[in-house]
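Numbers for residues simply follow the sequence, beginning at 1. When a ligand or atom number is given, it counts from 1 through the structure's own listing order.
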Amino acid sequence: MASGAGFDISEAGTKKNAAVSLVTDRAEVSAIANAGPDALSIGVEEFTAALAGSTARIKTVLGDQNLIAGIGNAYSDEILHTAQLSPFAPANRVDAPALLETIREVLGQAREALFDLPPAKVKAAKKRTFCVHGRAGQTCPVCGSTIAEVSYADKSLQYCPGCQTGGKKLSDRRMDRLLK
Ligand SMILES: [Zn+2]
């Protein structure tokens with residue numbers, strides 16, 4: 001960059017999905033040409049309509065970049081924990097305006113906590129703010145329950161049974177398969 005400014009990009013997974021493009025119109029980048037409105041700027045009506053039109057699990061819908069852009073695996077875990085919602089709740093049964101408030105709150109706090117940090121410190125700072133993400137087996141800071149986890153083929157989600165599922169454990173299909 002002409003200004004001498006730069007940035008670091010890191011990717012925790014093994015899928016190598018990360019990419020950087022510098023364009024004037026995002027339609028030029030096929031991977032995000034169809035991305036939905038940004039999570040911090042989507043209006044309540046648009047968000048409500050997006051949820052009302054889906055019977056998919058709310059965890060899946062929050063991470064669907066074509067519906068709402070910008071929420072990844074970590075922050076969807078944190079948002080659902082703060083909202084006290086089961087990750088498996090059907091999207092069309094969720095109180096959309098209340099969830100949108102929580103999205104703004106959690107992402108807004110994250111932005112504040114990470115603002116101006118040197119890139120090398122962002123990852124650790126992010127982790128410190130997480131209540132449930134990446135914390136399976138640890139104690140929920142809100143209710144004291146043990147954080148639980150559901151694993152998929154290539155990722156996992158963490159949640160607090162005490163805060164989010166009325167104490168019930170969600171079914172872990174990978175574990176169920178292994179136990180059969
Ligand atoms: Zn809890």
Practice task
Without swapping roles, check the side chain of Gln65 against the backbone of Gly36 for a donor-acceptor pair under 3.5 Å.
Solution key: no
Practice task
May I ask you to decide if Asn73's main-chain N or O and Ser76's side chain share a donor-acceptor pair within less than 3.5 Å?
Solution key: yes
Fill in the blank from the handout: side chain to side chain donor-acceptor pair (under 3.5 Å) filter on His133, not counting sequence neighbours, yields Asp77, Gln158
Practice task
Answer yes if Val94 and Val106 sit in the same cluster of Ile, Leu, Val, Met, Phe, Trp and Tyr residues linked by side chain heavy atoms under 4.5 Å apart, and no otherwise.
Solution key: yes
Problem - Closer than 2.8 Å to the Zn ion (ligand 1) - protein N, O or S atoms, ordered by chain and residue number - result: Cys140 SG, Cys143 SG, Cys160 SG, Cys163 SG
Fill in the blank from the handout: Students should find that the hydrophobic cluster of Val142, defined by side-chain heavy atoms under 4.5 Å apart, otherwise consists of none
Completion exercise
residues 160-170 vs salt bridge (charged side-chain N to carboxylate O under 4.0 Å, His left out), sequence neighbours excluded, gives none
